[in-house]
Amino acid sequence: MDFQQKYADELKKIKENEDYIEVFRLIIFKHSHDKDVIDELMKFSKENNLSKVRAWAYYYLGWYHFERSYYEKAAESFLISNDIFNLLDYKPGLIYACNGLTNVYCQMGQFNLANEWGLKGISLCEETDNKKAIVTLLINTGINYIQMKNFKKGKDILNSIEIIECVLTKRQQISLNLALAEIEINIGDPYLALVHIDGVMKMEEELRVTSEICEIHKLKGTAYAKLNLYDIAEQEFKTSYDFANENDLIYEKCAVALEWAKLCILVGRKQKATEELLEIIENCINKKIKVLLREAYHMLYKIHKDSDKPYEALKCLEEYMLIDDEMYDYEQNQLMAKMNFKHTKREADQYKSLYDRTELLSNIGQKILSNLSINSIVKIIDEEINKLINTDYFGIAVYDKNLDQATYYFVGENTKIKDVKHFDGEDISSFGSYCIRNKKDIIIGDVNKEYKKYIDRLPSGFKGTEGKSEMKSVIYTPLIINDKVVGLMSVQSSEESAYDLNDLNTLKILANYSAIAIENAINYKRVEDKATYDNLTSFLTKFEIVRLGEIIYERHKINNLKFSVAMIDLDNFKNVNDSFGHVYGDKALSMVADTISKCIRNTDYIGRYGGDEFLLICPGLGEPEVIDVAERIRKTIENKIFDLGDGILVSITLSIGVHEFKEVDKSFLDVLKKADKCLYSAKGSSRNLVICN
């Protein structure tokens with residue numbers, strides 16, 4: 001008997017007894033990729049007024065759209081299925097609908113919604129003691145946290161499956177192992193990830209699910225990239241990409257292309273990465289795959305920024321923020337639909353308020369993103385924040401993980417931005433340290449009563465009269481980008497219970513904008529410093545010291561002022577590198593530079609002119625004074641034993657050539673040549689000398 005005949009016979013049985021749909025589902029599951037089958041089931045359910053059958057038809061329609069990357073249509077179908085099952089009070093069906101919604105919202109990047117539906121499904125499983133379904137939902141919730149880059153939380157959820165007395169299906173084993181592999185790649189051992197993947201491949205030979213074959217090769221590529229085996233990684237990415245392309249799996253193709261583009265950036269093939277990202281963007285726009293589209297624009301923004309293409313970088317950043325806003329709006333609309341607003345005036349007012357608020361947030365966000373100064377970012381938010389949240393004090397802290405300290409910028413009534421203050425990340429008496437250390441929000445309605453939820457004692461900065469806080473309500477939210485904390489944002493009010501979850505969400509959106517802007521500002525400063533200061537010695541670069549020298553020359557020549565230069569060169573420093581290697585040589589050079597910096601004035605300028613050669617410029621000093629400075633440097637270095645670690649002790653001497661600017665010097669280059677000539681004389685004599693002309 002062919003499928004069509006069997007299908008028709010089975011539909012007759014459902015008409016006689018609607019509960020037969022539970023048996024029929026096993027048949028249709030194998031053909032759920034066939035739209036005609038689903039349409040026939042939908043038509044049959046409506047003609048015969050079979051609500052449960054219609055709910056299952058929408059459920060399978062959701063998966064049909066999901067597999068073709070039409071995620072908004074999939075979500076709509078799953079929601080209709082959920083609503084019908086809810087009216088029927090049919091909990092087994094509700095569990096399936098929750099699972100579908102968890103998957104689709106996770107794929108759309110709507111992680112809060114995905115978690116909400118996942119938790120609802122898990123709760124229903126516990127009520128009905130459905131262990132098989134709870135395992136599936138736990139796996140999907142774990143995957144959701146992996147997508148959010150919260151790998152530790154994802155691992156905790158997946159590990160909790162071990163305590164459930166249930167034999168996993170092969171499908172569940174595959175999903176679980178792939179999820180654990182991704183966790184190991186990111187926060188564990190890539191070799192262990194490959195073990196998980198190899199186990200999956202043995203099962204996959206029996207199941208042959210195309211989307212999971214793509215995921216297997218994508219994860220293998222990512223693991224090999226982590227192990228610096230770039231050629232093997234690229235081959236795995238190509239296998240995954242080609243397989244997705246052959247099977248018209250758009251989401252999977254774009255997902256692996258993103259990882260491939262990251263690899264291309266890593267190995268310096270930015271042009272190839274750009275081409276990959278442009279193709280991803282085109283595919284994601286067509287399919288409205290916003291979560292990948294947003295990531296692609298952000299990666300392209302970084303490439304253009306690093307390539308000194310500010311116009312192209314800004315365009316990509318604007319697209320990134322626009323998609324971010326659209327994703328936020330979508331989530332708000334879904335939440336409104338869930339609240340069952342029925343086209344009332346209240347709904348219209350709520351939506352208009354939400355629209356105005358979102359538009360204002362977007363405008364503030366664009367202003368924030370256009371600045372590369374942290375002070376400017378703080379001022380912009382301070383000027384605008386009371387349009388969104390009533391606050392007496394607003395502040396931002398910028399966190400430096402290497403120093404484990406935060407620099408605070410607070411703005412309050414009748415105050416300007418204060419000087420920075422620092423805290424140790426282990427400080428247990430600071431709301432800021434709690435927020436940054438735990439990556440968690442703080443919302444308090446009465447500081448004096450509620451502070452112990454977070455810390456052991458009331459922070460000294462909050463203590464007012466009689467040791468009590470004058471600020472009653474506070475919100476702290478971390479600034480996080482790519483799972484890295486770059487700071488925090490806080491609002492404070494002297495009124496009790498001034499803030500609610502809506503205010504927290506508003507602040508979190510501002511925090512998202514600010515995290516990107518602060519990261520940009522830090523990166524810009526880092527690039528600016530890299531161009532100005534030598535990484536090893538912290539002295540000015542050759543370009544910068546010569547540029548300053550030319551400015552000093554012109555200024556002193558016009559105003560008939562004196563200045564002197566000293567060319568400093570380490571004696572026989574090559575012997576240190578040859579004897580102990582360049583790692584210890586670099587350490588010695590850094591220690592010498594640090595010693596020299598303590599021998600000169602704050603008004604002097606020093607730069608690294610060559611490998612082990614330095615240029616010192618001393619404004620206002622004539623030849624006798626600069627000789628004194630040079631001798632002080634020479635003697636200090638001569639008398640010091642440099643401990644390079646590992647039992648290596650070295651003595652170093654240096655030679656110095658000094659020249660005072662004269663009227664006959666026609667350029668700063670002339671001054672340099674004469675100082676260099678003196679240095680050459682010192683090196684040609686017994687070394688460890690200061691010579692002037």
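Count residues from 1 along the sequence.
- Here OG of S564 is found 11.0 Å from CD1 of I617. Values are rounded to the nearest 0.5 Å.
- At least one side-chain heavy atom of D604 sits under 4.5 Å from a side-chain heavy atom of R601.
- Heavy atoms only, all atoms of each residue included: F237 and K218 are closest at CE2-O, 3.4 Å.
- Side chain to side chain, D665 and H659 meet the donor-acceptor criterion of an N or O pair below 3.5 Å.
- E236 contributes no side-chain N or O that, together with a main-chain N or O of G221, makes up a donor-acceptor pair within less than 3.5 Å.
- Side-chain contact between I545 and Y605: present, with at least one pair of heavy atoms (C-beta onward) separated by less than 4.5 Å.
- A heavy-atom distance below 4.5 Å is found between the side chains of S597 and D594.
- To the nearest 0.5 Å, the span separating CG on D628 from CZ on R632 amounts to 7.5 Å.
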Would you please test E638 and K635 for salt bridge (charged side-chain N to carboxylate O under 4.0 Å, His left out) and show each step?
CA-CA 5 Å; E638 180 187 30; K635 289 177 181 178; over 6 Å; no
Tell me, with the steps shown, if L488 and Y399 meet side-chain contact (heavy atoms from CB on, under 4.5 Å).
CA-CA 8 Å; L488 63 82; Y399 179 62; over 6 Å; no
Show your reasoning for whether side-chain contact (heavy atoms from CB on, under 4.5 Å) applies to I303 and L277.
CA-CA 10 Å; I303 290 175; L277 291 168; 3.7 Å; yes
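- In this structure, E625 contributes its side chain and G622 its backbone to a donor-acceptor pair below 3.5 Å.
- Of the inter-residue distances, the one linking I281 atom CD1 with R294 atom CZ reads 14.0 Å to the nearest 0.5 angstrom.
- Atom CG of N535 has 12 or fewer heavy atoms from other residues, nucleotides or ligands within 6.0 Å.
- Below 30°, between 30° and 60°, or above 60°: for Y320 and H298 the angle between ring planes is between 30° and 60°, a tilted geometry.
- Heavy-atom minimum distance, L263 versus A225: CD1-CB, 4.2 Å.
- Judged by distance alone, with hydrogens and angles left aside, the side-chain atoms of T477 form no donor-acceptor pair with the main-chain N or O of K508 at under 3.5 Å.
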Full working for side-chain contact (heavy atoms from CB on, under 4.5 Å) between L570 and F614:
CA-CA 9 Å; L570 276 60; F614 308 113; 3.7 Å; yes
Report the C-alpha separation of K674 and E660 in whole Å, then their side-chain angles, then the decisive distance to 0.1 Å, and conclude whether the salt bridge (charged side-chain N to carboxylate O under 4.0 Å, His left out) test is met.
CA-CA 9 Å; K674 290 174 181 176; E660 180 185 351; over 6 Å; no
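- Judged by distance alone, the side chain of Y609 and the main-chain N or O of V546 form no donor-acceptor pair under 3.5 Å.
- With respect to K574 and D578, a salt bridge is recorded, a charged nitrogen being found less than 4.0 Å from a carboxylate O.
- K673 has its side chain within reach of L669: a pair of non-hydrogen atoms, C-beta onward, lies under 4.5 Å apart.
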In sequence, state the C-alpha distance, the side-chain angles, and the governing distance for Y230 and N228, and then conclude on side chain to side chain donor-acceptor pair (under 3.5 Å).
CA-CA 5 Å; Y230 300 135; N228 300 326; 3.0 Å; yes
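- For the atom pair L679 CG and L689 CG, the distance stands at 10.5 Å (nearest 0.5 Å).
- Under a 3.5 Å cut-off, the side chain of S307 and the backbone N or O of K309 do not form any donor-acceptor pair.
- One N or O on the side chain of D534 and one on the backbone of T537 form a donor-acceptor pair closer than 3.5 Å.
- Between the side chain of D676 and the backbone N or O of L672, no donor-acceptor pair lies under 3.5 Å.
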Set out, in order, the CA-CA distance, both residues' side-chain angles and the distance that settles side-chain contact (heavy atoms from CB on, under 4.5 Å) for M299 and K262, then state yes or no.
CA-CA 8 Å; M299 286 175 64; K262 290 175 186 175; 3.5 Å; yes
What do the steps show when you test F431 against Y476 for ring pair (Phe, Tyr, Trp, His ring centres under 6.0 Å), and what is the final call?
CA-CA 8 Å; F431 288 131; Y476 281 77; 5.7 Å; yes
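- For F563 and F661, the ring centers sit closer than 6.0 Å to each other.
- Note on ring orientation: taking the six-membered ring where Trp is involved, the planes of Y241 and W260 are perpendicular (angle over 60°, cut-offs 30° and 60°).
- Residues T603 and P619 fail the side-chain proximity criterion, which asks for heavy atoms closer than 4.5 Å.
- Once rounded to the nearest 0.5 Å, the distance linking CD1 of I691 with OH of Y680 reads 12.0 Å.
- With hydrogens and angles disregarded, no donor-acceptor distance shorter than 3.5 Å links the side chain of N438 to the backbone of C435.
- Not one N or O on the side chain of T653 forms a donor-acceptor pair closer than 3.5 Å with the backbone of N688.
- Rounded to the nearest 0.5 Å, atoms CD1 (I637) and CG (L654) are 5.5 Å apart.
- In this structure, K683 and D571 approach most closely via the heavy-atom pair NZ-OD1, 3.1 Å.
- A salt bridge does not link D306 to K302: none of the charged nitrogens lies less than 4.0 Å from a carboxylate oxygen.
- Under a 4.0 Å N-O distance rule, the pair E544/R608 does not qualify as a salt bridge.
- Under 4.0 Å is where a charged nitrogen must lie from a carboxylate oxygen, and between R634 and E631 at least one such pair does.
- Using a cut-off of 4.0 Å between Lys/Arg side-chain N and Asp/Glu carboxylate O, E312 and K315 are scored as not salt-bridged.
- No side-chain donor-acceptor contact under 3.5 Å links K305 to the backbone of A313.
- The shortest side-chain heavy-atom distance between I475 and D441 does not fall under the 4.5 Å cut-off.
- One finds no salt bridge joining K238 and E234 here, because no Lys/Arg side-chain nitrogen approaches an Asp/Glu carboxylate oxygen to under 4.0 Å.
- Residue C678 comes nearest to C692 through the heavy atom pair SG-C, 3.6 Å, listed as atom of the first residue, atom of the second, then distance.
- Counting only heavy atoms from C-beta outward, the side chains of I633 and I600 approach each other to under 4.5 Å.
- A pairwise comparison of heavy atoms in C618 and V626 identifies SG-CG2, 3.8 Å as the closest pair.
- Within a 6.0 Å radius of CG in N559, other residues, nucleotides and ligands contribute more than 12 heavy atoms.
- Cation-pi contact between K226 and Y224: absent, since separation from the ring centre below 6.0 Å together with deviation from the ring axis within 45° is not met.
- Minimum interatomic distance between F394 and I396 (heavy atoms only, all atoms of both residues): CZ-CG1, 3.7 Å.
- Two residues are said to be in side-chain contact when any heavy atoms from C-beta on lie closer than 4.5 Å; D646 and F580 fail this criterion.
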